[in-house]
Asks: 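Please see the structure below; I have some questions.
Lettering follows sequence order; numbering is per chain, from 1.
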Amino acid sequence: MGCLLLFVTQLHAQDLAVTGKVTADDGSTLPGVNISLKGTTRGTTTDTQGQYTISTSAGATLVFSFIGFQTQEVIVGNQSTINVTLKSDVSQLQEVVVTALGQERKRNELVYAAQQINNEQIVQARNPNVMNALAGKIAGLDIKTNNNMGGSTSAIIRGYKSITGNNQALWVIDGVPVTNANTNSTDQQTGRAGTDYGNAASDINPDNIASVNVLKGAAATALYGSRASNGVILVTTKQGRKNSFDVTVNSGVTWGKIDKSTYVKYQKEYGAGYGGDGAKDQFYRGNLGSGEGDIAVFDADASFGAKFDPNRLVYQWDAIDPTSPTYGKMTPWVAAKNGPDAFFETAVTSNQSVSILGGGENTTFKVGYTRSDEKGVLPNSKLGKNLFNFSASFDLTKKLTISANANYSQVKGMGRYGTGYDGKNPNQQFRQWFQTNVDLLEQKAAYFRNRQDVTWNWGDPTAPFDDNGPIYSENPYFARYENFSNDSRDNFFGYAAAVYKIAPWIDLTTRFAYNGTQDMQEERIAFGSSDPAQYKRFNRGFNETNLDVIFNFRKAITKDINFSGLAGGSMRRSTENSIRAQTNGGMVVPGLFSLSNSANPIEAPTEAYRRIGVDGLYAQASFGYKDLVNLDLTARQDKSTTLSKNNNTYFYPAIGANFNISNLEGLKRLGWLTMAKLSANYAEVGNDAPWGSTLDVYDKPTGLGNIPYFTLRNTKNNPDLKPERTKNYEFGLESAFLNDRVGFNFTYYRSATLDQILPVSITAATGYAFRYVNSGEVQNKGIEISAYVTPIKVQDFSWTLNVNFARNRNKVISLYGEGATKVTNVQIASLQGGVSINAAEGEPFGVIRGTNFVYHEGTGQKVVKTNGIYAATSSSSEIIGNPNPDWIGGVSNTLKYKTLSLSFLLDIRHGGDVWSLDQWYGEGTGLYPITAGLNELGNPKRSPVAQGGGVLFPGVQADGTPNTVRAANVDGNGATAYGYPGNPPRAMYIYDASYIKLREVALTYALPQAIVSKLRAFKEIDISVIGRNLWIIHKNMEFQDPEEGLGSGLLNGAGGYQSGAYPAVRNYGFNVKFRF
Amino acid sequence: MKKLIILFLPFLMLTACVDSLDDYNVDTKRPSTAPPVTFFSNALKGLADTLTSPNVNVNNYRLYVQQWTTTTYLDEPRYNVTARIIPESFWRGLYKGVISDLNESRRLINADALLLPATKDVQLAQIEIVEVMTWAALVNTFGNIPYSEAMNPENPLPKYDDAKTIYDALLVRLDAALPKLESKGTPFGGGDLLYKGKIPQWVKFGNSLKLKLAMIIADSDPEKAKKLVAEAAPKVFTSNADKAAFPYISTPPNYNPIAQNMNSLYTSRQDFIPSATIVTPMNELNDPRRPFFFSTINDKYVGGQYGFLNTYSAFSHVSDKIIDPAFEGLLLDYSEVEFLLAEAVERGFIAGSAADHYNKAVTASITYWGGSATDAATYLAQPKVAYATAAPTWKEKIGFQKWIALYNRGWESWVEWRRLDYPKLSPPSGGNVPAGLAIPVRMIYPIVEQTLNGANREAAASAIGGDLASTKLWWDKF
């Protein structure tokens, strides 16, 4: 009560009421501007119309402050109206950025690299996935999206550090770490089979974000402890402001179509078969209704068959379908009119969001809701998201503020895309095993006639429909509509916090945060499929609590020396609880997808119960001298349950300093130099082991009847694991010139991750497949440059250009073991096609190994074998590719004319290799144009070599003389010039993954204020036309999107592997934004 | 102020600190101890699965000996062993899937202070026999392999040992184990999926294995072979009932891997058909085993052309008996023992009548598969089958009939074919077949060994004369 009385008393002491309006320099009204009476604790904020009223007295000073604007002071005379125009503060160096644990620091106080982007830059192209919306915008943040609806996105900062562990940046929302787990199976990650269910950071509501700050180095992230060693993506959500009320509604729709430049083009000369044109078995013979005739080789999943001939009538796959108009009939042998690209539909995404921000005298609040409905490019796919956000704060007393934040997201997926080498991924058939005579729209009609698996790939050429079925590939429509998966992910994240101002120089924050996720995934294979009917389900609950108690200090030690700091502790506890089960050996009742419908008793479900606890103590001290020099000292100690007790505590320090050169007396007067800052820092971060890597346990396979089995696990655990450690230093130079029209930020960094805790693969001759060890060192070093320039800025027109560039060099310095048992290569994943992803001493992380070309010693040319095919090295462990890009960068342009604004973003990736299983198989089965057509003599490549056919590969014969041997290319079995059958060097299927993409385009028109104000209800109406991924300006892969990968998992080796790649999707649409 | 402290206190007391959370890193869903017999049972399944599977990624030996061929994909019948991870699956299947569990079983028995010494002896002997059999399978497939430094995860780079040295050591181990079977302790019972703890049959099994391993070195070390064969011969299998067979059941995952890969209950694939190489001579001899080996097409047994495209529907298929999920997986049978004895007589290792053993072997095979003794007698009466007249040399007579008797046991058949050099098999040629194909006489090391244990593999490769499918093992003299 005392506090309130005091407040009331003070009110009475004032005698002059001042009112006024605050506007921005562009004329717009500014709601929520803080107005304080200098020398007191009193103040107010402008209302929604930018109006304010404050009681004051003559001679007092009013301070007008607002983020993004220069603070202005006005001395009150005897006027009762004071209108103020605030100048926007474009200086990035003065901006306030949010750093670790939610501390707000001025940019010029930072001793490390951090790049912040605001809401506008994130949402301008209305990307529903925040992770994807960051692509190309931050120097050194390597975002790798994939074309899978709702699929996971990889976010790597400053290169891969962990050889087999997690490399993904940590997401922190309003100071609290949240899970971004990838729950996909190992098979999914290695391209074998499975569905990519996405990662949880994609559920963050973009419209709820105020800013995103990317903390790249260990010095910036050390306070977050172990998990931040891969960098931190710090999300600050919008907060309501006191005495304000603001409603924003966004409504938009986008459409997507596949980018055909990223899809297969098929040869149109030859149809189904393996036997080759003219072979005795290029067709089956039989009578399917209209007399004895040729029957297409249904069961061949290749296009190395007979040459197309419109005059030749052949029984094709539809002749077996009794409901087909061509049942029992022969049809012309021609290339399909509608190839697999006709399978892809128009995607539609609708996104509606409402966000309400506001506050009263002592309170602030925020309520947000976003609904997004996405229909993917594959038939029968949809993804729905409901995102709710709520937060509020209440000043309980003048000293105590309590706040709470709750975010709930509900994601429901239906028919997510299968990935990798999987019948549920239509690209497995379309890119690798297909017949060019199959018309997809006819397949569609055939499925919809009776919703059965009317495949093009019958197992028996003459059996009737009822006794027939697919041998390998389903009708792709059947696969989409019957063998679909569905899933849901419910994610709750929230906290309750209290901030108590103990004294003017110290306050105490306690915060209890909770993050809980429930995942449910169901996968099915319907009766009639090539595989036995099956139902699989996976349920996973994950929760994490974080308790933080933090003391914050801020005090001027002398007139020139400022001190700020914090000391605190955190306790993290997480529990993961999952169960995975599936039917066994088929099902009984068609259409009933339940475990109890299993044909055989089900095997025991796989249960997991994993708990982790980490306690941390941390402290930071920052000293500033005259805005000239800043010094930061940080220390943290963690104790983790995942390590043995004698090894479970680890301490790590960070130190950093900066020097604001431009604040030197002598330089302050230089007109052209706005800002210049040098910084340097060194930091270490420790990390614990994955759960369950110290103690050995057994697996229990399903026993035979009543005879139980136990077995040793694949992985040998290690009780002696010690914490791993990342050491990091960086130097930075930030500068701005000409009133901030031009500026740049340059960073050099070098990090080394030591004693990595790895489940290294070892030869099975040890009795295990993997073993946990502390292994070696991975080094990353590189530079990051971000720069901006505003070349034109006149009355109504401006043009701003932002450029970022990052170059990372990654190297595995050492692995483990000594002397005779020194290991120089760790295999990260063994992939289909005979290539592997490795960490090799002295090489970049993730190098691709396989057979290489043999180069002739004398001429240096590729050697061709006696059959005309390139010779392969006998060793399969040659390094044939490096998936890491040489550099990545982005260029964004914003052009503004009055209220019309055009922005576009180019995203560039230069270098990096990818190995394509699609080409490896698809060229071997004769799908691609290269496998047909004419050779250099003008003869059909598919004619026998004796008749002048075949393919002449450039190179030399074993003796060094130029190659004159044409490789046979007559059929799909051993005698193909391209692809897997000839067993050529794997290096032949390495591609350069460079690209330049027009990632985002947004044209936004803000209705002029004059019109908006007539509409009364509205404050602002923006109409945008947007496009995403409209144009791949440059790439070197002919039929693929080079960015496409298998999701954020590590096992596909930094994205160096493609299997069943999806085409890129061009999105275009519009959005309307209303502010009330 | 007090109220405020109360507000903060619950936060601080919510959680216990890490030191008191000892159970957090414990896997509460998996045990850290289990009965030793369960590892033994699992190892038996691992051994049976690896040797029985027709999966093209694991075991292609039925193709190499041309008992089967493929319909569409010709990589395997044309001996491409690097396309996928074929050697690795076999290698891993035996090292990780069999030997490591046998080792764990042994370790747990030895660590059990309460177990009677006699019981330890007999159980360890059961383990030892299966382990020797498994090591021998690895050696006879790859040649030099990691042995003395193997099975130690602390050493990720085990050296490869000389194949002959390992083999001799295995023979010593087997000899040491055999008497311990009869130590009167309690053997593995129900978990002994081969014999349910019947020691007399284990004794026969152990000695039959000894006979078999000894005969493999008959060309390279005839003296040792002779000694061991003579020791073992009186104690070997005497009827089909003695066979060592893994009792698959109809429920996955304990069903026969052939069914998994070939039965329409579990797959739509139609990869394999019997090869004309074996079907045609069996037709000529009116072999009574045909209905148990193959299906008919228009009442005839028709095999596909080995190593070329074959239309699945145009040829005989592998019989329903073989693709039955509950069809047993043979590890060692009476018929092959009799063939070995016939050979031992011919080589002068033991006394007796080779013809007699040969007749018993053929009869055992026919009756095992479902034919009658009369069928066998009729069959044997044919001049081309009868021992006296079948072929000019005993190697050819035995080699040919053993090849038929070892139908569906591709790996065993491949070993015997390399050793006996009969029947004469030719790699596919003509048409589009790449020139210079040769039937593998050895399996190359897993490709992954190049990246995981490169230097040691390299040394082994040069020691055996090249890591090639054409490098002959030390016992393969002819």
Side-chain angles (χ1 to χ4, degrees), chain A residues 274-275 281 459-460 469-471 500 510 512 530 532 547 571 573 584-585 600 607 609 611 613 615 639 641-642 692 694 697-698 701-702 704-705 707-712 716 761-769 771 821 823 825 827 830 836 838 849 867 875-877 970-971 973-975 983, chain B residues 4 7-8 11 14-15 17-18 21 24-32 34 38-39 41-42 72 74 78 80 82 91-92 95-96 100-101 103-104 146 150-153 155-158 190-191 193 249 251-254 265-266 268 270 309 311 313 432 434 447-454:
Chain A
Y274 275 100
D281 42 12
D460 190 321
I471 177 165
Y500 182 66
T510 55
F512 180 76
S530 56
L547 171 65
M571 293 174 119
R573 301 289 178 269
N584 186 10
N600 295 290
E607 299 171 82
Y609 184 62
R611 292 178 295 172
D615 290 349
K639 194 176 246 199
T641 58
T642 66
T694 53
V697 287
Y698 298 128
T702 301
L704 185 145
I707 305 298
Y709 301 143
F710 276 98
T711 183
L712 286 174
K716 173 72 183 159
S761 50
I762 49 179
T763 168
T766 59
Y768 291 89
R771 170 187 173 219
T821 59
V823 171
N825 191 75
Q827 181 175 294
S830 162
S836 60
N838 300 273
R849 288 183 189 269
N867 64 1
S875 160
S876 289
S877 59
V970 290
D971 68 34
N973 267 296
N983 207 10
Chain B
L4 293 176
L7 197 75
F8 283 97
F11 285 115
L14 270 173
T15 22
C17 73
V18 160
L21 304 177
Y24 263 46
N25 207 28
V26 172
D27 193 332
T28 56
K29 298 295 177 186
R30 291 189 178 88
S32 55
T38 59
F39 296 90
S41 307
N42 193 56
T72 308
L74 303 182
R78 292 183 179 181
N80 181 346
T82 59
W91 174 281
R92 182 176 295 218
Y95 270 115
K96 168 70 188 81
S100 83
D101 280 342
N103 268 339
E104 188 67 5
M151 313 316 295
N152 174 15
N155 177 7
L157 305 172
L193 291 161
I249 57 173
T251 315
N254 284 293
L265 278 171
Y266 305 110
S268 61
Q270 305 168 348
L309 293 180
T311 301
S313 54
N432 60 11
I447 292 162
V448 70
E449 288 289 298
Q450 295 177 11
T451 49
L452 296 181
N453 194 11

Asks: Do A:Asn584 side-chain atoms and B:Pro252 backbone N/O form a donor-acceptor pair below 3.5 Å?
Replies: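 Yes.
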
Asks: May I ask you to name which of A:Thr694, A:Ile762, A:Thr641 has the most heavy-atom pairs under 4.5 Å with chain B?
Replies: A:Thr641

Asks: Determine yes or no for a side-chain-to-main-chain donor-acceptor pair under 3.5 angstrom, with B:Gln450 supplying the side chain and A:Ser877 the backbone.
Replies: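 Checking the backbone N and O of A:Ser877 against the side chain of B:Gln450, a donor-acceptor pair under 3.5 Å is found.
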
Asks: With sequence neighbours left out, what residues match A:Tyr274 under ring pair (Phe, Tyr, Trp, His ring centres under 6.0 Å)?
Replies: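 Here the qualifying residues are B:Tyr73.
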
Asks: At a heavy-atom distance under 4.5 Å, which candidate from A:Gly613, A:Ala975, A:Gly275 has the highest pair count against chain B?
Replies: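 With the most close heavy-atom pairs to chain B, the winner is A:Gly613.
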
Asks: Go through the atoms of B:Thr251 and report whether side chain, backbone, both or neither lie under 4.5 Å from a heavy atom of chain A.
Replies: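 The answer is both parts of B:Thr251.
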
Asks: Okay, side chain of B:Asp101, backbone of A:Leu712: is any donor-acceptor separation there less than 3.5 Å?
Replies: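 The answer is yes, because a donor-acceptor pair under 3.5 Å joins these two groups.
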
Asks: With a 3.5 Å distance limit and no angle check, can you tell me whether B:Thr38 reaches the backbone of A:Pro708 through a side-chain donor-acceptor pair?
Replies: no

Asks: Could you tell me whether a side-chain N or O of B:Tyr95 sits under 3.5 Å from a main-chain N or O of B:Ala150, the two making a donor and an acceptor?
Replies: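 No: the side chain of B:Tyr95 does not pair with the backbone of B:Ala150.
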
Asks: For the side chain of B:Arg30 and the backbone of A:Val697, is there at least one donor-acceptor N/O pair under 3.5 Å apart?
Replies: no

Asks: Which atoms of B:Arg78 come close to chain A, meaning under 4.5 Å heavy atom to heavy atom: side chain ones, backbone ones, both, or neither?
Replies: side chain

Asks: For chain A, which candidate among B:Gly191, B:Pro158, B:Ala34 shows the most heavy-atom pairs at distances under 4.5 Å?
Replies: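 Of B:Gly191, B:Pro158, B:Ala34, B:Ala34 has the most heavy-atom pairs under 4.5 Å with chain A.
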
Asks: Could you tell me which of A:Asn825, A:Thr711, A:Thr702, A:Asn600 has the largest number of non-hydrogen atom pairs under 4.5 Å with chain B?
Replies: A:Thr711

Asks: Is a donor on one side and an acceptor on the other found under 3.5 Å between the side chain of B:Ser268 and the backbone of A:Ile471?
Replies: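 Yes; judged by distance alone, with no hydrogens or angles, the pair exists.
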
Asks: Between B:Val448, B:Thr72, B:Thr28, which residue shows the highest count of heavy-atom pairs closer than 4.5 Å to chain A?
Replies: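 Among B:Val448, B:Thr72, B:Thr28, the one with the most close pairs to chain A is B:Thr72.
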
Asks: Would you mind checking which part of B:Asn80 comes under 4.5 Å of any heavy atom in chain A, side chain (CB onward), backbone (N, CA, C, O), both or neither?
Replies: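 Contact with chain A: side chain only.
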
Asks: Identify which part of A:Ile707 has an atom lying under 4.5 Å from any heavy atom of chain B, answering side chain, backbone, both or neither.
Replies: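 The side chain, not the backbone.
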
Asks: Where does B:Ile447 contact chain A at under 4.5 Å (heavy atoms): side chain, backbone, both or neither?
Replies: side chain

Asks: If you count heavy-atom pairs under 4.5 Å with chain A, which of B:Leu265, B:Asn453, B:Thr311 comes out on top?
Replies: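 Highest number of pairs under 4.5 Å: B:Thr311.
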
Asks: What part of A:Lys716 gets within 4.5 angstrom of chain B, counting heavy atoms only: side chain, backbone, both, or neither?
Replies: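 A:Lys716 touches chain B through side-chain heavy atoms alone.
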
Asks: Which atom pair, heavy atoms only, marks the closest approach of A:Asp460 to B:Ser313?
Replies: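 Nearest heavy atoms, A:Asp460 then B:Ser313: OD1-CB, 4.1 Å.
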
Asks: May I ask you to name which of A:Pro470, A:Ser761, A:Gly767, A:Gly692 has the most heavy-atom pairs under 4.5 Å with chain B?
Replies: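 Result: the option with the highest number of such pairs is A:Gly767.
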
Asks: Between A:Ala769, A:Ser876, A:Ser836, A:Gly705, which shows the greatest number of heavy-atom pairs under 4.5 Å with chain B?
Replies: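 The residue among A:Ala769, A:Ser876, A:Ser836, A:Gly705 with the greatest pair count is A:Ser876.
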
Asks: Give the ring-plane orientation class for A:Phe710 versus B:Phe39, where under 30° counts as parallel, over 60° as perpendicular and anything between as tilted.
Replies: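 Rings of A:Phe710 and B:Phe39: tilted, 30 to 60°.
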
Asks: Considering only heavy atoms, which portion of A:Asp971 lies under 4.5 Å from any heavy atom of chain B: side chain, backbone, both, or neither?
Replies: side chain

Asks: Check whether A:Pro701 gets within reach of chain B through its side chain, its backbone, both or neither, counting any heavy atom under 4.5 Å.
Replies: side chain

Asks: Contact part of B:Lys96 toward chain A, heavy-atom cut-off under 4.5 Å: side chain, backbone, both or neither?
Replies: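 Both the backbone and the side chain of B:Lys96 come within 4.5 Å of chain A.
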
Asks: Would you check if B:Trp91 and A:Thr763 make a side-chain contact, meaning some heavy-atom pair closer than 4.5 Å?
Replies: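 SC-SC contact between B:Trp91 and A:Thr763 confirmed.
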
